[in-house]
Each structure stands twice: as structure tokens, then as C-alpha cells.
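First the structure, in the form of C-alpha cells, and then the observations on it.
Whatever order the structure lists them in is the order used to number ligands and atoms, beginning at 1. Predicted model only: the values in this text are computed from it and were never measured.
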Amino acid sequence: MKKTYPNIRLRRLRATKSIRKLVKETTLSSHDLIQPIFLVEGKSKKEKIKTMPGIFRYSIDNALKEIKYLEKYGIGAIALFPQIDKKFKDNEASESFNPNGLIQRAIRQIKNKFPNITIISDVALDPYTSHGQDGIISKNKKVLNDMTIDVLVRQALSHAESGVDIVAPSDMMDGRVKKIRQAFENKNFHDTIILSYSAKYSSNFYGPFRDAIGSAKALGKADKNTYQLDYSNISDAIREVDMDISEGADIVMIKPGIPYLDIVSKVKEVTKVPIFVYQVSGEYSMIKAASQKGWLNERSIVMETLACIKRSGASAIITYYAKDVLKWMK
Ligand code: PBG
């Protein structure tokens, strides 16, 4: 019999909703989603972020209330990002490893109240530097790799000491995973997970995030092209992933999401570690803006993007839509 029409009719398996469900190759569940949370100093604060309607900066007390709500809806993991007061910013990012800094206090209080929520903390200097770069800069504005690593290690250790479950270096310095892993071993943080932003592209999709943490103004017209990846490249991403795994990363991250799913599927082919994907701020804001204008159906578009990210090989997704998706799923 010929393996062609009419013996083969592919539409048979699409004929009813029930059949379509039986042959579905990927499914999205609430366990796959990580909610980012922006933090700000103070009390009873819930500040709007102009370029990200529906997303807020919370003071720790309000963040705790929000997390209670997220947990009720089934969120299992959150990623924390701070907006740091200008007066604490300098070239050395010295506030980044303050044991009583905003993030360190938040980690302790969240862990104390919600021991079952997995906390992911960002390890990078950009919220803490006066110039908005992810590292320390020299007189001629070069981002200094090895000096930056020393600070990143202190920052990561301060997060581990506060009780974080996962540190996520998003800085893109060479060798930072190795040094953080060594420091964790030396200080007996054997179980602290490193989720390395291995393939973090120098992307225009981070704009709204930089508004949210207040690094946009500091950065000005400068860019991050000397450390984040060129969006024209694939091999570079594979090399980054290889390097980070050999240095002790447990999980690798690829970001942004939707425009970079070819990278996710390539990495999935060549590596066995779990891959997380970050659906970043610009992706959120694009969908949100078009939905507010009535040009896109927000709910269907979001569900489609997340399914596509899973299909490409992600085991979990960081998305500003996590909370909404959980509400829609209920
Ligand atoms: C900080 C960091 C950035 C994002 C996550 N961690 C911004 C940047 O590198 O400029 C972007 C996240 C988003 O856009 O949602 N190193």
C-alpha cells in the first residue's frame, strides 16, 4: 500500500478536540512557570511600571502578600529583581553584597514565610552600578571581567547565606560560574543551584526591564555588546552553554524567548541539562500593548507563545504572564 493519500489522511488525528488532546506532544502546566517580582525599598509600596502595564514594583511587605496569592494559585517559583536607590549605586556595586540589602532581606523573609516557594536571585551588578553596566568599568569604560567576578562571587554568597535556592548569574562574564561554584563548595553551600544565563543575547527586548529596575537612565546610550551575545550568532551560544556546564551550572537559561527558539532547540540537541527560557520584558510589553488596543487576543497569544517555548525544549519558563496564566488555567 502506498504511503500516501488516500491511505494517509493527516486530518484524522485533528478531527475532534478529544483526539487532538490525545496526540498533543507538549503540554504547559502551572509547574513550568516562574513569576518575576520587582522589589523596591520602603513600606506598603506597589508602584506601576510605565512600560509594563500590569506589572509592579513591590516593597517587601507587599511582595509577601503577592507571593501568598501566587502560591494559592499554584506558582512554585519566583525570580527576584531589585530597584536600588540611586544613593547606593557606585562603580564597584558595593551594595550588591550587603547582607542587609534589599534582595538579601527579601530572600530571608520570603523563605521564612513560604519555605516551599523556590527563590531565584539574579546575580549581576547592573541594578547596583552608577553606569548601569553588569560589571565594574575601567577609566576608558571597559567592562572588567575578572574584577567583576570577585564582586559577583560575594553577591552570590550573600544570596546563598540568606537562603536562596537558585542563583542566576545574568552578567555574562567569562568564568563566573566556576568561581561561584568554588565559593559555594568552600562555604558548604553544596545544594545551592546555579542557573546560568548562558546564552543571554544583547537584545533590544530588555528595554522595559531596564525601566523597571531603573538602570535605563544610568546606561544611557551605552550598550552591552562586549559581553552579551550577538543576535546573529548560534555557535557562540553553544560554546557558552558548554563552558557554563563544565564550570558547574545545573541549569542553563536562554533569553529572550520567542525570537530565540532556534537556539533553544539547538542547545536541547547537544546537551542534557535542563533549559529554562526567559520570555523577557519587551515580549510582555509587545503582547500587552497590542492586546490593550484590541489588535490581539491576549490570552490565546500568551498561551501560544508559552506552548511554543515548551515545544522548542524548555523545561521551565520565566514569564511576566505567569500569574495571569495560572488564573486562566483555573
Ligand atoms: C540584568 C538582567 C536583565 C534582564 C534580566 N537580568 C537586563 C539586562 O541585561 O540589561 C532582562 C529581563 C527582561 O527584559 O525581562 N543583568
Indicate, with yes or no, if the rings of Tyr128 and Phe88 have centres closer together than 6.0 Å. no
Near [X], which atoms of ligand 1 are under 4.0 Å from a heavy atom of that residue?
| X | result |
| --- | --- |
| Lys224 | 8 (C), 9 (O), 10 (O) |
| Ala124 | 16 (N) |
| Tyr278 | 12 (C), 15 (O) |
| Asp122 | 1 (C), 6 (N) |
| Asp134 | 16 (N) |

Would you mind checking which non-hydrogen protein atom is closest to [atom], with the distance to 0.1 Å?
| atom | answer |
| --- | --- |
| atom 11 (C) of ligand 1 | Lys255 NZ, 3.0 Å |
| atom 14 (O) of ligand 1 | Ser281 OG, 2.7 Å |
| atom 15 (O) of ligand 1 | Tyr320 OH, 2.6 Å |
| atom 2 (C) of ligand 1 | Lys200 NZ, 3.2 Å |
| atom 1 (C) of ligand 1 | Asp126 OD2, 2.9 Å |

Out of Phe209, Tyr206, Tyr284, the nearest non-hydrogen contact to atom 3 (C) of ligand 1 is supplied by Phe209
Where's the contact between Asp171 and ligand 1, heavy-atom distance under 4.0 Å: side chain, backbone, both or neither? neither
Have a look at ligand 1 and work out which part of Val280, if any, has a heavy atom under 4.0 Å from it: side chain, backbone, both or neither. both
Any salt bridge between [X] and [Y], counting N to O under 4.0 Å?
| X | Y | answer |
| --- | --- | --- |
| Asp126 | Lys224 | yes |
| Lys217 | Asp211 | no |
| Lys46 | Glu66 | no |
| Lys45 | Asp61 | no |
| Glu298 | Lys288 | yes |
| Arg57 | Glu47 | yes |

Side chain or backbone, does Tyr197 bring an N or O within less than 3.5 Å of an N or O on ligand 1? no
Does the Lys NZ or Arg CZ of Lys200 fall within the cation-pi geometry relative to Tyr227 - under 6.0 Å from the ring centre and within 45° of the axis? no
What verdict does the side-chain contact (heavy atoms from CB on, under 4.5 Å) test give for Thr148 and Asp150, after you've listed the backbone C-alpha separation in whole Å, the side-chain angles of each residue and the deciding distance to 0.1 Å? CA-CA 5 Å; Thr148 298; Asp150 293 342; over 6 Å; no
